[in-house]
Visitor: 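Could you have a look at this structure, given as structure tokens, before my questions?
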Amino acid sequence: MRATRHFHTRRRAAVTAGALVFALSGASMATAGNYEFLAAPQTDLNRVFRLDRSNGEVGACQYGLKESAAIGVTLCYPPGEGARAGVFSEYALVASRHTGEGGVFRVDLRSGMMSICFVLNETSVVCTPPAK
């Protein structure tokens with residue numbers, strides 16, 4: 001009887017410790033996926049937009065050729081006017097079905113506000129003022 005009670009106490013402690021580890025790892029996994037990526041709908045453009053889902057910041061990268069290298073380079077465009085971090089909310093990216101469109105829509109899922117974001121003059125990502 002005594003050995004059985006000791007076994008159940010150890011088992012309960014192991015289950016509690018396992019649940020704590022699972023809860024902590026689940027919490028870190030929930031915060032780890034804060035970015036969303038979406039390719040521009042333009043069919044002859046290899047550009048991918050990056051969105052910080054919590055603050056709406058948008059950047060972009062694409063493949064580029066380097067004259068003296070056998071392989072290409074990753075060209076990235078930082079957030080510029082209207083694309084920098086904004087109000088804390090819940091944002092998403094949406095591509096139009098227009099195959100000639102080089103930009104994407106940034107949508108605030110809480111307010112319904114939308115902006116169009118694109119690379120301007122091959123220097124930075126800019127977004128239009130939000131509208132509804």
Visitor: Flag the pair V48 / C61 as yes when at least one side-chain heavy-atom distance between them is below 4.5 Å, and no otherwise.
Guide: no
Visitor: With the 4.5 Å side-chain cut-off for hydrophobic clustering, are L120 and L38 part of the same group?
Guide: no
Visitor: Ignoring hydrogens, what is the shortest heavy-atom contact between H98 and P41? Give both atom names and the distance.
Guide: O-CB, 3.5 Å
Visitor: Is there a side-chain contact between Y77 and E122 (heavy atoms, below 4.5 Å)?
Guide: yes
Visitor: Please determine which of V126, V58, L51 meets the side-chain contact (heavy atoms from CB on, under 4.5 Å) test together with C117.
Guide: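 When side-chain contact (heavy atoms from CB on, under 4.5 Å) is applied between C117 and each of V126, V58, L51, only V58 qualifies.
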Visitor: Let me check something: do M113 and L109 share a hydrophobic cluster, defined by ILVMFWY side-chain heavy atoms less than 4.5 Å apart, either directly or through other members?
Guide: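 Different clusters: M113 never reaches L109 through Ile, Leu, Val, Met, Phe, Trp or Tyr contacts under 4.5 Å.
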Visitor: Measuring from E57:CD to R84:CZ, what's the distance to the nearest 0.5 Å?
Guide: 9.0 Å
Visitor: Roughly how far apart are D52 CG and F88 CZ, rounded to 0.5 Å?
Guide: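 Here the rounded value is 9.5 Å.
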Visitor: CZ of R106 to OG1 of T128: how many Å apart, nearest 0.5 Å?
Guide: 8.0 Å
Visitor: Hydrophobic clusters here meaning ILVMFWY residues chained together by side-chain heavy-atom distances under 4.5 Å, can you tell me if I116 and V94 are in one?
Guide: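 Hydrophobic grouping puts I116 with V94.
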Visitor: Taking the side chain as every heavy atom from C-beta outward, state whether F118 and E101 have any atom pair closer than 4.5 Å.
Guide: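 They are not in contact (no side-chain heavy atoms under 4.5 Å apart), so the answer is no.
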Visitor: Applying a strict under-4.5 Å side-chain criterion to I, L, V, M, F, W and Y, I'd like to know whether V125 and L93 cluster together.
Guide: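 Same cluster: V125 reaches L93 through Ile, Leu, Val, Met, Phe, Trp or Tyr contacts under 4.5 Å.
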